[in-house]
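Everything on this sheet refers to the single structure shown next.
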2 protein chains.
Amino acid sequence: MAAQLEQPTDISTDVALAVSTVIFALRIDPKTGLTTLWIPLVKRIREPHEGQWALPGGPLHCEESLADSAARTLKRSTGLTPKYLEQLYAFGAVDRSPGGSRVVSVVYWALVQSDEAERAVSDDNVEWHVADDLPTLAFDHNTIVEYALWRLRNKMEYSRVAHAFLGETFTLAQLREVYEAVLRKPVDPANFRRQMLASRAIVDTGRRLTGTSHRPPRLYRYNSDFTMADQGPLTPTRSH
Amino acid sequence: MAAQLEQPTDISTDVALAVSTVIFALRIDPKTGLTTLWIPLVKRIREPHEGQWALPGGPLHCEESLADSAARTLKRSTGLTPKYLEQLYAFGAVDRSPGGSRVVSVVYWALVQSDEAERAVSDDNVEWHVADDLPTLAFDHNTIVEYALWRLRNKMEYSRVAHAFLGETFTLAQLREVYEAVLRKPVDPANFRRQMLASRAIVDTGRRLTGTSHRPPRLYRYNSDFTMADQGPLTPTRSH
DNA sequence: CGCCTTAAAGTCATGTCAACCCTTACCCCG
DNA sequence: CGGGGTAAGGGTTGACATGACTTTAAGGCG
């Protein structure tokens, strides 16, 4: 027999089976000398895991897509509006939520800009934490964070994820700082410049950042007609 | 307020919201001169999309994990037992299933060996199709296939996915054939050998494949203490 | 035994990339 | 107004990866 694929008739929710979206939001703080990754956590105000910290999350509504749900939930619980949102993974172990209820969580991964982060959290139940040094979280959220960080660090080089952390325009030094925070190691400025320009991911605006106590760096912006897709492992850079 | 994260109380399935798993299974056929990728499709026997071809799939049961559900569903609808199973993506657009029902599908991506494939399909409603040339499928399954193939081809080089297609031991020529089928282009045997051996992903068994009409090739097997994780962009190959 | 086929190993040119040099530009401060 | 500090931004080198090609090994078969 063929599959009874996606037919609501025979899946009449015999037991509670819920779908929720969970958001792993990232922010970079350029203030502290060592740039580090920060993520917002929410304190649970009811069972299960009352009082423990958890990633922002909430139930999926019927009239919204997964991505919409993630954006809405993040906004509601932390006030943040992500600039970048991407699906990470669906977690669906049977026992990941205690108490016999079954929850499948689709985890999204969001990036927010530093300035945005300032005006967001105003609640005692929301707090920023350093991504690499978290307390024990509710549910399987520690596992989720671990996986998210691993993916982030592996994906860095062939995506423009880093750009989402910054504003419309930025200097190469700022962009490089983001890379260094994510990769947790210094990056050579000269080589970094070459790579970024060669990849055509960014474009010179012609303007410069003034007001510094040194030579004013150029301001760049994202290349609008540049998608991650043509950034495969084989970049045919036949530029001449 | 903090998120009402994953609490079954306030998500009491107001409207039908179901979770299903969908499997994109792949097989390589070494018979035909040009090795090609084949995937099993299932003909739908009821609405919606009755009579159309679709990827194998079915509702998630409450007492099974997502991966278990995918494996079980594939087995039930096609008879196949995958050697490799990995989550691909969760599809959750509001209108992806017609008729007002809301279905979130977690798509898994499975690889099966050629010999296994033989004894599987025995049903008129199950058929193997060439992955790059499919009919119009039910739901958004064409989109799913497109995405799956894109991911497969991009992931090839830094994962051992290809190995799953083959048996316990294999020759380099066999392994290369798999790569060529996936990448759709010829691969230089000599360079391929060098890469594979340098990556330490495979190990020489010491034995050779006899019975050929030419020089007997060495038999290799997977390197058990080799995970994709240490294959990151920074491979510290300080071997001396 | 010679011929065919394919495996397996070696050679060489080219490209890529990190590490490190350097010069240049600009602001600040005296 | 001129010197010093700082970072931009470009150049060079050497290690290493990669691609194209050549050479040798090993077996089957007529």
Side-chain angles (χ1 to χ4, degrees), chain A residues 30 33 35 153-154 156-158 166 169-180 182-221 231-240, chain B residues 30 33 35 156-158 166 169-180 183-221 230-240:
Chain A
T35 40
R153 293 193 164 113
N154 276 31
M156 213 47 193
E157 43 215 331
Y158 49 85
L166 303 165
T169 59
F170 48 85
T171 69
L172 275 173
Q174 290 171 333
L175 186 61
R176 183 168 48 83
E177 251 185 89
V178 177
Y179 271 75
E180 287 178 339
V182 172
L183 299 174
R184 282 182 303 190
K185 64 173 183 184
V187 175
D188 184 277
N191 297 330
F192 183 73
R193 153 185 313 279
R194 254 192 302 264
Q195 285 180 333
M196 293 315 289
L197 294 180
S199 77
R200 307 197 321 123
I202 60 174
V203 178
D204 189 352
T205 61
R207 293 182 295 122
R208 283 164 188 270
L209 179 66
T210 54
T212 58
S213 74
H214 54 78
R215 175 175 177 177
R218 291 170 192 273
L219 284 169
Y220 294 87
R221 61 174 171 76
Q231 268 311 78
L234 23 121
T235 358
T237 343
R238 300 268 169 275
S239 38
H240 56 282
Chain B
T35 40
M156 213 46 193
E157 42 216 328
Y158 50 85
L166 302 165
T169 59
F170 48 86
T171 69
L172 275 172
Q174 289 170 333
L175 187 60
R176 183 168 48 83
E177 253 184 272
V178 177
Y179 271 75
E180 287 179 338
L183 299 174
R184 282 182 302 190
K185 64 176 181 184
V187 175
D188 184 278
N191 298 330
F192 182 73
R193 153 186 314 279
R194 205 177 15 191
Q195 284 180 329
M196 293 314 291
L197 293 179
S199 77
R200 307 198 320 124
I202 61 173
V203 177
D204 190 350
T205 61
R207 293 182 296 122
R208 285 164 186 270
L209 179 68
T210 53
T212 58
S213 75
H214 53 79
R215 176 175 176 176
R218 291 170 191 271
L219 284 169
Y220 295 86
R221 60 173 172 76
D230 32 36
Q231 270 308 81
L234 26 120
T235 358
T237 346
R238 299 271 169 272
S239 37
H240 55 285

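Everything numeric here is computed off the predicted structure, so don't read it as measured data.
- Of the residues in residues 214-221 of chain B, those placing a heavy atom less than 4.0 Å from an atom of DNA chain D are B:H214, B:R215, B:P216, in numerical order.
- Of the residues A:Q195, A:R194, A:R193, the one that meets the side-chain hydrogen bond (donor to acceptor under 3.5 Å, both in side chains) test with A:N191 is A:R194.
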Listing, residues 203-210 of chain B side-chain donor-acceptor contacts under 3.5 Å, not counting sequence neighbours, or none:
{"unit_1": "B:D204", "atom_1": "OD1", "unit_2": "B:G206", "atom_2": "N", "d": "2.8"}
{"unit_1": "B:D204", "atom_1": "OD2", "unit_2": "B:R218", "atom_2": "NH1", "d": "2.8"}
{"unit_1": "B:T205", "atom_1": "OG1", "unit_2": "B:R207", "atom_2": "N", "d": "3.2"}
{"unit_1": "B:T205", "atom_1": "OG1", "unit_2": "B:L219", "atom_2": "O", "d": "2.6"}
{"unit_1": "B:R208", "atom_1": "NH1", "unit_2": "B:P216", "atom_2": "O", "d": "3.0"}

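- If you check every strand for non-hydrogen atoms under 4.0 Å, B:T171 touches nothing.
- Rounded to the nearest 0.5 Å, atoms OG1 (B:T169) and OH (B:Y220) are 12.0 Å apart.
- Remark: B:A190, B:R193, B:R194 in residues 186-196 of chain B come within less than 4.0 Å of DNA chain C through at least one heavy atom.
- Distance CZ (B:F170) to P (C:dA7): 15 Å, rounded to an integer number of Å.
- One interatomic measurement links the two molecules: CG of B:L197 to P of C:dA8, which rounds to 10 Å at whole-angstrom precision.
- For the ring pair (Phe, Tyr, Trp, His ring centres under 6.0 Å) test, residues two or more places apart in sequence or in another chain that qualify with A:F170 are A:H163, A:Y222.
- Spacing between atom CZ of B:R176 and atom C1' of C:dA7 amounts to 10 Å, rounded to whole angstrom units.
- Between B:R207 atom CZ and D:dG27 atom P there is a gap of 16 Å when expressed in whole angstrom units.
- Nearest heavy-atom pair across B:F192 and B:L172 is CE2-O, 3.8 Å.
- Checked against salt bridge (charged side-chain N to carboxylate O under 4.0 Å, His left out), B:R176 has the following partners two or more places apart in sequence or in another chain: B:E180.
- Listed by chain and number, the residues in a side-chain contact (heavy atoms from CB on, under 4.5 Å) with A:R184 are A:D132, A:R153 (sequence neighbours excluded).
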